Amino acid sequence: MLAAVVLLPSAIAAAATTQAADVLLSQGKPVATSTTESSSYTGAKAVDGSTTTRWASAEGADPQWLRIDLGQSAAVHRVVLNWEAAYAKKYRIEVSDDGTNFTTAATVDAGDGKTDDLTGLTAHGRFVRFVGLTRATSYGYSFWEMQVFGSTDSSGDTQAPTVPAGLTAGTATATSVPLSWSAATDNVGVTGYDVLRNGTTVATSATASYTDTGLTPDTGYTYTVRARDNAGNVSAASAPITVKTAAGSAGFVLAAAGDIAERCTSSSSSCAHVKTAKLVETMNPAAVLTMGDNQYDDAHLSDFKSYYDKTWGKFKSKTHPIPGNHETYDDTPYRGYDDYFGAVAKPNGQRYYSWEMGNWHFIALDSNDFATHEFGPDEQMAWLKQDLANNKKGCVAAYWHHPRWSSGDHGDNPDSIELWNLMVANKVDLVLNGHDHDYERFVPQNADGKADANGPVEIVGGSGGASLYDLSSPHATTAKLLKTYGVLKLSMTDTSFQSQLIGVDGKVLDSSPAYTCH
């Protein structure tokens, strides 16, 4: 027995059957959600083709939503929801071209928890969203699968890309394997590559390279890749290769971003810090680093509690934050930041400090001292020099808000020259910054901003949720420059590090080489 359905004339025809050409469009596609009950019930599990895994929203709250990106515009004729016990009494199915502005395709106002098979739809768009309005239980919303059927605008294309050739591996570390291959070709165009480890897809890469991380030392892995096109055609898998990771420490994973919490919540589908927090949850990092401007606009304590705390606040106990310029905009500079984070942000009574994990020494700095020259940089600089001199760890990373080098809206920051030069002189391995609302990874540079393998790798990761800035021309040393939201995934071993930018759709947008510590 089907739930009662209201078909809206503006979006739905009274067709009795689904067109013969309709195919399943949603399986394996990127998913965003308003909330998840836990990392065991992510949105991706609602489109994985399995009726033993499910998405579940947070308990006790309405409304909630799950959005599927079909990857291209399509005619949507049918949606099937296979409910778990926590079903919806009332909900909507919506469709959008841009992922922001949605049109209602169908409403259900008497859900009974049985499988809902909504047919006869004539909606059109790239994004399909379930919006739960009224829960039938005290829990959240949960279904085993959400399936969207229809035909893509390029459904006439049935030709798969060529099989990727030349799959090779670079030098493997104890926890990572860098892969590259020759680009596939397609009659329309290749849109990405599936990377399979031991027969299971572990990532989708937009380019013909990928670095697999989080691996076990001294272990063999078999890899293949497949090419995809815009019509959903998939090539056969490439010839496999087997790679063995190096012996050594298993290492750990960190999540990092700056410029995070705009004053918005999960009730807004465009609220980016909700989405980046979910990336952190999926990574399950050993620690979280923030590179300043944690809360917008004036970073009052009330703002921290209303916005940052609802998303990134979930990781507060393992966060090592630093302030940005917005933390100084409170009526009393830093008051909201200090009151919210407490000893987490001032473990030694100062907003600059150091901490350690594994063979890594991490230095957290307050660059407002250097960017404004108002808060006494001499004291912090003296502390920094002594901290570097006392370090006994083999690898060093530092992070502060204002970047020395940037191709973003703010550009290069001369006030950070003294900091940067000190990092170069002390052979620091990695420097993380925010301030510019974009993502930029540089190759190792020296004090003059020239490529130099002996210098630090600088990454600007101001992509945590604040409104994005326009980009300027990249530096000669820029390895990757993107105007996008995302979170840095840092894979650290006792002797090396490797970074990836994970986009809000879960895709890897950039991968660095694996760098050996100086």
Side-chain angles (χ1 to χ4, degrees), residues 1-6 24-70 76 78-96 99 102 104-119 121 123 127-149 265-269 271 274-284 310-311 314-315 504-506:
M1 182 173 63
L2 297 180
V5 182
V6 178
L24 177 59
L25 304 173
S26 52
Q27 188 163 314
K29 293 299 194 294
V31 173
T33 61
S34 54
T35 63
T36 55
E37 181 182 335
S38 74
S39 59
S40 298
Y41 305 112
T42 62
K45 294 184 178 180
V47 294
D48 62 2
S50 171
T51 55
T52 62
T53 60
R54 60 187 173 94
W55 167 66
S57 70
E59 296 182 5
D62 293 316
Q64 301 287 345
W65 54 265
L66 180 145
R67 188 192 71 189
I68 303 171
D69 180 356
L70 302 178
V76 176
R78 177 188 176 201
V79 174
V80 179
L81 294 176
N82 184 355
W83 289 102
E84 194 257 347
Y87 67 96
K89 185 175 181 180
K90 293 184 179 181
Y91 66 90
R92 292 194 303 266
I93 300 297
E94 301 176 336
V95 179
S96 168
F102 282 84
T104 299
T107 63
V108 172
D109 56 15
D112 57 9
K114 294 178 169 43
T115 297
D116 291 344
D117 192 345
L118 311 179
T119 60
L121 314 185
F127 300 86
V128 179
R129 184 168 70 176
F130 157 84
V131 182
L133 302 174
T134 304
R135 289 167 292 113
T137 71
S138 61
Y139 299 102
Y141 298 93
S142 181
F143 38 74
W144 302 105
E145 284 290 295
M146 177 174 173
Q147 296 176 305
V148 179
F149 295 87
T265 65
S266 59
S267 62
S268 170
S269 62
C271 192
V274 175
K275 302 170 186 177
T276 57
K278 290 176 184 175
L279 296 177
V280 178
E281 185 175 11
T282 300
M283 292 179 197
N284 190 26
K310 297 293 192 292
T311 54
K314 297 176 184 178
F315 323 111
V504 293
D505 59 1

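These numbers were taken from a predicted model, which means no experiment stands behind them.
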Treating E145 as the side-chain partner and G49 as the backbone partner, does any N or O pair qualify as donor plus acceptor under 3.5 Å?
yes
More than 12 non-hydrogen atoms from neighbouring residues, nucleotides or ligands closer than 6.0 Å to NZ on K89, yes or no?
no
Kindly give the heavy-atom pair with the smallest separation between S266 and V274, and that separation in Å.
N-CG2, 3.7 Å
Euclidean distance, S26 OG relative to D69 CG, rounded to 0.5 Å:
11.5 Å
With R129 via side-chain contact (heavy atoms from CB on, under 4.5 Å) - residues at least two apart:
W65, R67, E94, F102, V131, S269
Hey, what do you get for OG1 (T107) to CG (L133), rounding to the nearest 0.5 Å?
9.0 Å
Please report the closest heavy-atom contact between V31 and L66, naming both atoms and the distance.
CG1-CG, 3.6 Å
ring-ring contact (aromatic ring centres under 6.0 Å, His included) against F143, all qualifying residues, sequence neighbours excluded:
W55, W83, F130
Heavy atoms of T35 and Q64 approach each other most closely as OG1-OE1, 2.8 Å
Looking at every non-hydrogen atom in both residues, tell me the closest pair between T36 and E281 and how far apart they are.
OG1-OE1, 3.6 Å
Minimum heavy-atom separation for K114 and D112, please, with both atom names.
N-OD1, 3.0 Å
Is the count of non-hydrogen atoms from other residues, nucleotides or ligands lying under 6.0 Å from K90 atom NZ greater than 12?
no
Contacts of S38 that satisfy side-chain contact (heavy atoms from CB on, under 4.5 Å) - sequence neighbours left out:
S40, Y41
Once rounded to the nearest 0.5 Å, what's the spacing between atom CZ of F149 and atom CG of L25?
8.5 Å
Over all atoms of both residues, closest heavy-atom pair of A86 and Y139
CB-CB, 4.0 Å
Nearest-0.5 Å distance that lies between atom CG in D48 and atom CD in Q27:
7.5 Å
Would you compute the distance between atom CG of D62 and atom OH of Y141 and round it to the nearest 0.5 angstrom?
3.5 Å
Rounded to the nearest 0.5 Å, what's the gap from OG on S142 to CG on N82? Could you check?
10.0 Å
Check step by step if side-chain hydrogen bond (donor to acceptor under 3.5 Å, both in side chains) holds for Y91 and D116.
CA-CA 11 Å; Y91 66 90; D116 291 344; 2.6 Å; yes
